[in-house]
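Structure first, then comments.
In what follows, chains are A, B, ... by sequence order, proteins preceding strands, each numbered from 1.
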Amino acid sequence: MAKQLHVGHLRASIIGDSMARLHERLGWTVFRQNHLGDWGLPIAMTLASLERAAVDLSRITLDDLNAAYRRAQAEGRDDEAGLAAARETHAGPHRIAELEAQHAGASALLTHTHETLRRLQGGDPPTVAAWQSLIAVTMREVFETAATLGVKLDETHSRGESFFRDRLAPTVDAFVKAGLAERDQGALIVRFKDRERPLLIQKSDGTSLYATTDLAAAHYRIAQLGAERVIYCVDARQRDHFRDVFDAIHAIGWDRLPNGGTAEMIHVPFGAVLGADKRPLKTRSGENFTLKALLDEAVARGRREVHARAQQPDAPTAGLPTAELDAIGQAVGIAAIKYADLSGDVSRDYVFDLDRMVSFEGDTGPYAQYAHARIAGILAKADGTSATAPLQIVAPEERALALTLLRYATAVQDAAEQCAPNRLAAFIFELANAFNTFYQSCPVIKEANATLRASRLRLCDLTRRVIADALSLLGIVAPARM
RNA sequence: GCAUGCGUAGCUCAGUUGGAUAGAGCAUCGGUCUUCGAAACCGAGGGUCGUUGGUUCGAGUCCAACCGCGUGCGCCA
């Protein structure tokens, strides 16, 4: 919230969208839950910073918010207790350094921030109004980005922290009542048998934190929505956190479904997006890459490539209106990014290399799109196909193609069941491969034998439809021409 | 310090429950367009799967130790 989307948001969106589409395809009722950080201390920091700068919130832009957020961050907040605790518990050097920096920047701003947070959570009308305009500005960009990315996400999917604000106290009460929470150094914690690290569900000042929200949210999803499978597409760095949350939910029995079954809770951890230097992706000036800049670049590359090919007189896209070529170019650029993200093991870090992704050769999104467009072109040139034409498998290449097609259903099931979109991506690549090999050695339109020709046209048609469908499950569109 | 994840070809990565000579893309080298879309196809070279031990008829896959890298670790989200 209140800041530009960055590459970290890219994976959550792409992977989450694909998981949703895969499960929808298998007949699940999917509740997309966009868990937004719209209610914590950071948002109060930004609000407070805006108040101090006396910014006109009715005309605010995301850049203003971004500036305010960065300003607030730079001004820092004090966390003496946290620093002491981190030292005592041998926290990692990163965490300690972070806290020391914060401590150094300590100031009276902390008081203001907390005061703003109190006003917000207390429902003070002007503060709430300011908060709402801040949310609105951010969400406009979120939905805009989702649209260019082709990710199904709108206001109906927003389930930010603020949505659960009234469920926090009952959640804490429930854990206390169940005897699972205990008071420790003024805070409420949940302990686990097999590990030292407890889960903190209430701060010593009585306010709750993100873990509390996650517990409340999980309860809502299972008890209210009746979710049998709750899938969290979140950064791999939150592994421990989700382990704790899931165990806590299990301990209190909130994973029990109304029908008596047990809900499955799955964290799909995804790795970081790295730059060529193997460090988290940054711009030359060392700032986080905004998602917008990244997508703009990919789309520009896609368009450049599509336009270049349309220049050639014998290209199938020759003579198409610029707007249409632009649309195709966008589809290609976005496909390059999405496929690169989903074709590997999602839990691992990956090196973001636009040159490789948009090279359109080998195991890439555009390669699959090409196979699709190629077939679409063939079918358009043929005088129709028959869905009932008897299949006549003679050449080994068409046998291989047919056998690959038969594996589609299990590929989708595997990918969904194991929350591993790369399984499906691998299938798509194999299918596109099998088709290209088949097409290399088997005449289709030019086949003289009418029965064989009809059979091959049907194979083409099936292949085209499966590629388009499979790509759609990854959230990738397949243009008819490119 | 504790926890957790990773280490497969020059580069980027696959490798479903342990199962036959470890696969692919890029890059390199060599072949295919006067005929259905060459963003394609066919072929070649390239790996002691971090190291050492163990379990097994059989280990890239399971276990242990070690080395290297990443990430996390109570009042942030």
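Residue contacts shown for Pro366(A) are absent, as no nucleic acid heavy atom lies under 4.0 Å away. Among the atoms of the strands shown, none is found under 4.0 Å from any heavy atom of Ala411(A). Base contact: Tyr439(A) has a heavy atom under 4.0 Å from a base atom. Among the protein residues, Leu200(A) comes within range of the nucleic acid bases, having at least one heavy atom under 4.0 Å from a base atom. Using a 4.0 Å heavy-atom criterion, one finds that Gln202(A) contacts no nucleic acid atom at all. Base contact: Ala373(A) has a heavy atom under 4.0 Å from a base atom. Across all strands shown, Arg237(A) has heavy atoms under 4.0 Å from sugar-phosphate atoms exclusively, and none from any base. Residue contacts for Asn433(A): at a heavy-atom cut-off of 4.0 Å it reaches the sugar-phosphate backbone alone, with no base atom in range. Residue-level contact check: Ile189(A) touches the bases, meaning some heavy atom is under 4.0 Å from a base atom. Within 4.0 Å (heavy atoms only), Cys442(A) reaches at least one base atom of the nucleic acid.
Side-chain nitrogen and oxygen atoms of Thr437(A) include at least one within less than 4.0 Å of the OP1 or OP2 phosphate oxygen of C42(B). Neither OP1 nor OP2 of G72(B) sits under 4.0 Å from any side-chain N or O of Arg239(A).
Looking at Asp184(A), its side chain comes within 3.5 Å of the base of G74(B) through a donor and an acceptor atom. In the interface, the side chain of Ser204(A) is paired with the base of C75(B) through a donor and an acceptor atom under 3.5 Å apart.
Among the nucleotides C75(B), A24(B), G37(B), the one closest to any side-chain atom of Tyr370(A) is G37(B). The side chain of Arg243(A) sits closest to U4(B) out of U4(B), C41(B), G74(B). In the set U35(B), A24(B), G74(B), the nucleotide with an atom closest to the side chain of Phe429(A) is A24(B). In the set A3(B), C75(B), A39(B), the nucleotide with an atom closest to the side chain of Gln185(A) is C75(B). When distances run from any side-chain atom of Glu361(A) to the nucleotides A38(B), A39(B), C41(B), the shortest one goes to A39(B). Listed candidates were A39(B), C76(B), A38(B). Nearest to the side chain of Val306(A) is A39(B). Between C36(B), G72(B), A40(B), one nucleotide has an atom nearer to the side chain of Asp240(A) than all others, and that is G72(B). With U35(B), C76(B), A40(B) as the candidates, the nucleotide lying closest to the side chain of Gln440(A) is A40(B). The side chain of Pro443(A) has C36(B) as its nearest neighbour among C36(B), A39(B), C41(B).
A donor-acceptor pair shorter than 3.5 Å cannot be found between the side chains of Asp214(A) and Tyr232(A). At a cut-off of 3.5 Å, with distance as the only test, a side-chain donor of Asp38(A) or Ser162(A) sits close to an acceptor on the other residue. Between the side chains of His267(A) and Arg243(A), not a single donor N or O lies within less than 3.5 Å of an accepting N or O.
Going from the P atom of C62(B) to that of G5(B) covers 11 Å, rounded to whole Å. When the C1' atom is used for both C11(B) and C57(B), the distance is 38 Å, rounded to whole Å. Comparing U28(B) with C73(B), their P atoms sit 44 Å apart, to the nearest whole Å. Using C1' as the reference atom, C63(B) and U55(B) are 7 Å apart when rounded to the nearest Å. To the nearest whole angstrom, the two C1' atoms, one in A22(B) and one in G54(B), are 22 Å apart. Comparing the P positions of C41(B) and G60(B) gives a spacing of 30 Å, expressed to the nearest Å. Remark: the separation of the C1' atoms in U48(B) and C29(B) is 26 Å, to the nearest Å. Between G50(B) and C6(B), the distance separating the two P atoms is 12 Å to the nearest Å.
Rounding to the nearest 0.5 angstrom, the gap separating the CD1 atom in Ile249(A) from the CZ atom in Phe175(A) is 5.5 Å. Expressed to the nearest 0.5 Å, how far CG of Asp341(A) lies from OH of Tyr350(A) amounts to 3.5 Å. Rounding to the nearest 0.5 Å places CD1 of Ile14(A) at 13.0 Å from NE2 of His9(A).
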*Could you run through nucleotides 9-17 of chain B and give me one letter per nucleotide, 5' to 3': B if any protein heavy atom sits under 4.0 Å from the base, S if only the sugar-phosphate is that close, - if neither?*
---SSSSB-
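Along RNA chain B, the nucleotide nearest Tyr367(A) and the nucleotide nearest Lys381(A) are compared for position; the residue whose nucleotide lies closer to the 5' end is Lys381(A).
Ring orientation note: the planes of Phe435(A) and Tyr439(A) are close to parallel, at an angle under 30° on the 30°/60° scale. Ring pair Tyr220(A)/Phe163(A) is perpendicular by interplanar angle, where above 60° counts as perpendicular and below 30° as parallel.
Regarding the sugar-base torsion, C6(B) falls in the anti class, its angle being beyond 90° of 0.
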*Please assess His35(A) against Val234(A) for the test side-chain contact (heavy atoms from CB on, under 4.5 Å), listing each intermediate value before the final yes or no.*
CA-CA 10 Å; His35(A) 194 83; Val234(A) 187; over 6 Å; no
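With a cut-off of 3.5 Å on both pairing distances, U56(B) has no Watson-Crick or G-U wobble partner at all. G46(B) makes up no base pair with any nucleotide shown, lacking Watson-Crick or G-U wobble contacts both under 3.5 Å. Look at C26(B): its Watson-Crick or wobble partner, with both distances under 3.5 angstrom, is G10(B). Nucleotide U32(B) forms a pair with A40(B), judged by Watson-Crick or G-U wobble geometry with both contacts under 3.5 Å. Of all nucleotides present, only C69(B) satisfies the Watson-Crick or G-U wobble test against G5(B), with each distance under 3.5 Å.
Residues Glu417(A) and Arg423(A) are not paired through a salt bridge, judged by the lack of any N-O separation under 4.0 Å between the basic side chain and the carboxylate.
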